[in-house]
Amino acid sequence: MTDTTQENINRAVLVGLNAASLTREENASDSTLEELEALLETAGGECMGVVLQNKDTPDARTFIGEGKVEEVRQLAQAQGADMVIFDNSLSPSQQRALSEDLGVSVMDRSALILDIFAQRAQTREGRLQVELAQYKYLLPRLTGMWGHLVRQTASGGKSPIGTRGPGETQLETDRRHIRRKISKLEEELKEVRRIRGVQRERREKNEVPVVAIVGYTNAGKSTLLNKLTGAEIPANNRLFDTLDTTTRTLEISDTCTALVSDTVGFIRKLPHHLVDAFKATLEELTFADLLLHVIDASNPEWREQAAVVEQLIVELGAAETPRIDVFNKSDLYVGDIRPHGEDIVSISAKTGQGLDKLLEAIGARLDTGTRRVTLALPYDKGGLLDQLYREAKVEQVEYAESIEITAVCTPRVLGQMKAFITSGWTPPKEFWED
């Protein structure tokens, strides 16, 4: 009996171009091709060879030049590869020309990332976002897919029998259809954002601070969330293992509780339409009270990876949000001097090393002034107890000469109840008081 699973694995040759005329972001390098290979494995494919071309400027038609295309074609044929994946972004016409010349399917890094996202998205929101990004990616590439139908099929013209139609090409029909789909998906995502907004308002009303975990893909964000909150989120050594935002409650201290959200990992050359499509997930960042930027300290390129995350945080409008840089996998750090300073914590999410210092740093940043206090309510003010049950965390009530209450109160409630607080909090002095 043959192993059919092996036959279904896509075998790909990976190609990158390093050109003097391209920016560092647009270029391929050994490290970005390594990352592309990891992406391919994540998608369920197998790498059969890697080609890095150095050239002054990209070729207008084939991107890497005719000679190099022939070299890649022979390599793909010799290795039994059924696709070629480029680390750089290809224009629709280049993708078409390369596919014709190589005789196998051709995709770029953006398409591969989209495919992984399509495999991984679990929630309705995640699937909507992936579908929207796929349609935006597909729209400019339709011409090549419908090359045989681009000719006008105007009624009354000298068109072949069976192709005379309403006066527009199949291509134009498909473009209209896809634009309609994009509009519909954008409307549905707006509704998702509206629901998120309602949930957020409720959290703000309850004055629950939100911590968002961000970082490069595979930096250990899910492992950290599991360790902090005891959640059971799958944490595998795989790129893009978390696509849908996961939120859990974290008890930082007996007076401070926060909601912690794990977000999708960032990566170099993340397609812009994908960033746009995932705004509904990543907008948690802009409303967070604190960002935990998780950095893989064991990766020699952690500085470059951190810069990618920084850039995306700025793009998403969260540059002003307070942040703690969390150097994870610090037990595997290979440098001489560990990163240190204010708002920098070194940890190992796997072993738990440094988590106490991280919790301390989070607590210091999120100290909202919530305090555990004792109150003495006169019986004629008993109605205030109902308010405390609604707006504070009432821990104990005793009926004696007055109603003795122990409760954890937010600054707003402390201000409203200050006349009845007997211990645990002193009202701040006004500026004119000594």
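All residue numbers refer to positions in the sequence shown, counting from 1.
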Review point. Are K136 and I178 close enough that some pair of their side-chain heavy atoms sits under 4.5 Å apart?
Key: no
Review point. Can you tell me if D108 uses its side chain to pair, donor with acceptor, with the backbone of L90 under 3.5 Å?
Key: yes
Review point. Got a donor-acceptor contact below 3.5 angstrom from the S99 side chain to the R96 backbone?
Key: no
Practice item. Name all residues meeting the side chain to side chain donor-acceptor pair (under 3.5 Å) criterion together with T57; count only those two or more places apart in sequence or in a different chain, and write none if there are none. Key: none
Point to revise | Residue pairs passing the salt bridge (charged side-chain N to carboxylate O under 4.0 Å, His left out) test where at least one lies in residues 341-361, sequence neighbours excluded | key: D343-R365
Exercise for review: Evaluate whether atom CG of D56 has more than 12 neighbouring non-hydrogen atoms of other residues, nucleotides or ligands under 6.0 angstrom away.
Suggested key: no
**Study point:** Expected output: side-chain K221 to main-chain Y216 donor-acceptor under 3.5 Å
**Key:** yes
Practice item. Mind checking the CD-OG1 spacing from E301 to T32? Nearest 0.5 Å is all I need. Key: 8.5 Å
Exercise for review: Could you tell me whether a side-chain N or O of N88 sits under 3.5 Å from a main-chain N or O of G16, the two making a donor and an acceptor?
Suggested key: no
**Study point:** Any pair counted as salt bridge (charged side-chain N to carboxylate O under 4.0 Å, His left out), so long as it reaches residues 69-84, sequence neighbours left out
**Key:** K68-E71, E70-R73
Exercise for review: Please check if the side chain of T42 supplies one atom and the backbone of A38 the other of a donor-acceptor pair under 3.5 Å.
Suggested key: yes
Point to revise | Between CG on residue L189 and CD on residue Q129, distance to nearest 0.5 Å | key: 5.5 Å
Check your understanding: Is there side-chain contact between T370 and L414, with heavy atoms separated by less than 4.5 Å?
Key -> no
Study note, to complete from the structure: Interatomic distance, CE@M83 vs CG@N10, rounded to 0.5 Å, equals 4.0 Å
Exercise for review: Indicate yes or no for a side-chain donor-acceptor contact from Q95 to the backbone of M107 under 3.5 Å, with no hydrogens or angles considered.
Suggested key: no
Check your understanding: Is a side-chain donor or acceptor of E100 paired with a backbone partner of A97 at a separation under 3.5 angstrom?
Key -> no
Review point. To the nearest 0.5 Å, what is the distance between CD1 (I213) and CG (L224)?
Key: 4.5 Å
Check your understanding: Listed by chain and number, what are the side chain to side chain donor-acceptor pair (under 3.5 Å) partners of Y135, not counting sequence neighbours?
Key -> none
Point to revise | Salt-bridge criterion met for D174 and R176 (N-O under 4.0 Å) | key: no
Review point. Who pairs with F327 by ring pair (Phe, Tyr, Trp, His ring centres under 6.0 Å), at least two apart in sequence or on another chain?
Key: W302
**Study point:** Straight-line distance of L132 CG to S183 OG, nearest 0.5 Å
**Key:** 9.5 Å
Practice item. Give, for atom CG of N328 and atom NZ of K227, the distance between the pair rounded to the nearest 0.5 Å. Key: 11.0 Å
Review point. Looking only at side chains, do T406 and E395 share a donor and an acceptor under 3.5 Å apart?
Key: no
Check your understanding: With a 4.5 Å heavy-atom cut-off, do L292 and V214 have their side chains touching?
Key -> no
Exercise for review: State plainly whether the residues K184 and E188 are in salt-bridge range, i.e. N to O under 4.0 Å.
Suggested key: yes
Check your understanding: Between D262 and S222, do the side chains contain an N or O donor and an N or O acceptor separated by less than 3.5 Å?
Key -> yes
Practice item. With sequence neighbours excluded, give me every salt bridge (charged side-chain N to carboxylate O under 4.0 Å, His left out) pair touching residues 18-32. Key: R24-E304
Review point. Would a distance-only check, ignoring hydrogens and angles, find a side-chain to backbone donor-acceptor pair under 3.5 Å from D325 to I344?
Key: no
Check your understanding: Should T223 and N226 be marked as a side chain to side chain donor-acceptor pair (under 3.5 Å) after you check the CA-CA gap, both sets of side-chain angles, and the distance that decides it?
Key -> CA-CA 5 Å; T223 307; N226 286 345; 5.7 Å; no
